[in-house]
Amino acid sequence: MSEFDMAVIQPEMIKSYIWLQTADGSIQQVEQEVAMFCPMICHEIIQKGMGSSKTYAISLPQRVNPCMLSLILDYCRFHQVTGRSNKERKSFDEKFIRMDTKRLCELTSAADSLQLKPLVDLTSRALARVIEGKTPEEIREIFHLPDDLTEEEKLEPLKNSTDDPRIRLLNRLYARKRKELKEREHLKNVETEEEHVDDRSVEDLLSFINGGNGDSKVLKTSKSKKKNRRRKEQQKNASVDESIESQGKDSNGLNSVCNGTGVDKLHPHPGETSTLPDVEDDTFPHKVEFDDGDIDDEIDPALKEKIDREVEDFARRLNSDWPERMQEILSLGQEGRPVNENGSLRRYAST
Amino acid sequence: MEGGVITGWKDIPMELLLQIVSLVDDQTVIMASGVCRGWRDAISLGLTHLSLSWCNKNMNNLVLSLAPKFTKLQTLILRQDKTQLEDDAVQTIANFCHDLQVLDLSKSFKLSDRSLFSLAHGCRNLSKLNISGCSAFSDSALAYLTSFCQNLKVLNLCGCGQAASDIVLQAIGRYCSQLQSLNLGWCDNVSDVGVMCLAYGCPDLRTLDLCGCVRITDDSVIALANKCLHLRSLGLYYCQNITDRAMYSLAHSRVKNKKPMWKPMKELNDEDGLRTLNISQCTALTPPAVQAVCDTFPALHTCSGRHSLIMSGCLNLMSVHCACAVHAHRTASNIPHPAH
């Protein structure tokens, strides 16, 4: 009612307003020319005559909450003005798009439901930069997606596209972490069994000295090597964890994993992973050289040492590069990582 | 999940996810397909174009695991720097990717005829096939494939000396009448018989590369000149049997087969006619003949900006110039028009 008074008093300020209602029930008024920038709202006004009063407010799709609506309206308010140069629009867009990934997702979703194509394109590009160069686990964490592929399905393409050494090492660290967790649990529950193993190996040793068969000797050495490796792993991982935790920033996916916050995600199904080696061997007769995570024992010691050294190097590099990397990440901010040298190809005939 | 007002990101509409995925590089696409079931299904249903040329080691395994998922692929680029691809991968592609139209298998010299047979049965919609450098194929298998893939428009057989023979060209002429581009570079088994079958069978041929096909003689060029009126690019590098006869046939065919005058002359000249001609090392040619060709086809140029009449190694042809080069110098004497 006050708008009508205003209209009478200041005729040069006549502006029509549109009423919009979001899914949570709240209703707000928006300048008509701003709201009309959204095709969906435009359609509602013109074709259905909605939005002219509070009772006939346009119901917005569920994906648009008040927060997103205000962002979208800011965008519309800027861009619906015709006199702006392309440079102005571009720099507005770049500043506009700087937000955390969660809000970016919500914004994309909301813009899509309102059919606001320019904003959808802008946010899609930003999200594309976010997922570029990431592993599936990192992507899952960023977008809070369910981890609903079977272990086998997950490992398949990831295993085979490990031409990126960074991804390879990442997977080794994850696999290592997974194994370590499994072992820690195992140790907690079955401490006596381990001691039993110890005794047996000592007995084997004695029997060997006394002229026992070769098989048990081999068995013993592999077991003791396994124990030694486990101990070394635990030490190494501990040191990796400490050094990374001490610099605790969480914008790097790897870092958050090593910090232990994401660890649960790595190891949801202890039962499944224990049977994993068999599944892998059956379905992948081709031995991919990277594949060492859960079948450590079957790899010869030399390769194992090499892998351990690589992991150490990686951790060391991570620690030493950390200040520079932080600078890099902070300066790039939400504008995304540097583009991969593989240019992206047009993949779709029509959109 | 927090909030609850916004539906979870896993419920993102497929088109939106595909739009985002279309903006990233191929490696990230593969990563994205391993994130969760929703993403995997969306990408499997929507992905039409994929390149795995960035793989250095595991391309074969990658194809084996991805082809059964990405069944809607239309374009698949598997060009390798380091040969990795094997028959089982191509067989998997043929078993699952029936919509495939563009396939690049260049430099896969480990592939055997088995691959060609499986492609013939599984990928009949192929329109663009590149098997350059696949030296292990035989001509009978390739002929078999062409009899099934009758939509072929672009075929690259560069370096397939064993596979590209007259038998294959006969098959192409018979079955692949829509062929527009054929690369027979360094296929030294090709002779006049094959090229003539090609010319008679593929009237729409636009680009033909016969570089290094040393057995070719004038008869091939004459057949092409008379039958392939849309020919735009012809490569005769190192075809040292070519003589002036071939050149005059090219020039005369243009005059003979001029379309009726309902089309403006200028437009006609720009659309049709040779744009590129490579006669490097064709040392038997003489200037008047080549000049005739150059004058007949305005799109052929010897000037530095648009050099398309390539005559490297033909020292006696240095006097041949295109019209622009002459006008630039503005000489008084008119060049006699030898075509008439």
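Below, chain A is the first sequence line, B the second, and so on; all start at residue 1. Values reported hereafter were calculated over all heavy atoms of this structure, with side chains retained and with hydrogens, waters and symmetry mates removed.
- In this structure, OG1 in B/Thr28 is found 9.0 Å from NZ in A/Lys134, a value given to the nearest 0.5 Å.
- Evaluation of the ring pair (Phe, Tyr, Trp, His ring centres under 6.0 Å) rule for A/Phe96 yields A/Tyr75, A/Phe92 as partners, not counting sequence neighbours.
- Distance check: A/Asp148 CG to B/Trp39 CH2 gives 12.5 Å after rounding to the nearest 0.5 Å.
- The 12-atom threshold is exceeded at NZ of B/Lys153, counting heavy atoms of other residues, nucleotides or ligands nearer than 6.0 Å.
- Atom CD1 in B/Ile20 sits 7.5 Å away from atom SG in A/Cys105 (nearest 0.5 Å).
- To the nearest 0.5 angstrom, B/Leu17 atom CG is 11.5 Å from A/Thr108 atom OG1.
- The heavy-atom pair separating A/Ala128 from B/Leu23 by the smallest distance is CB-CB, 3.6 Å.
- Residue B/Phe109 qualifies as open at atom CZ: its count of foreign heavy atoms under 6.0 Å is 12 or below.
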Show the numbers, then the answer: is there a side-chain contact (heavy atoms from CB on, under 4.5 Å) between A/Asp147 and B/Cys36? CA-CA 6 Å; A/Asp147 194 2; B/Cys36 65; over 6 Å; no
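- The shortest non-hydrogen separation linking B/Gly34 to A/Pro136 is O-CB, 3.4 Å.
- Side-chain contact of B/Gln19 with A/Asp121: a donor-acceptor pair under 3.5 Å is present, judged by distance alone.
- For B/His307, the NE2 atom sits in a packed shell: over 12 heavy atoms of surrounding residues, nucleotides or ligands are nearer than 6.0 Å.
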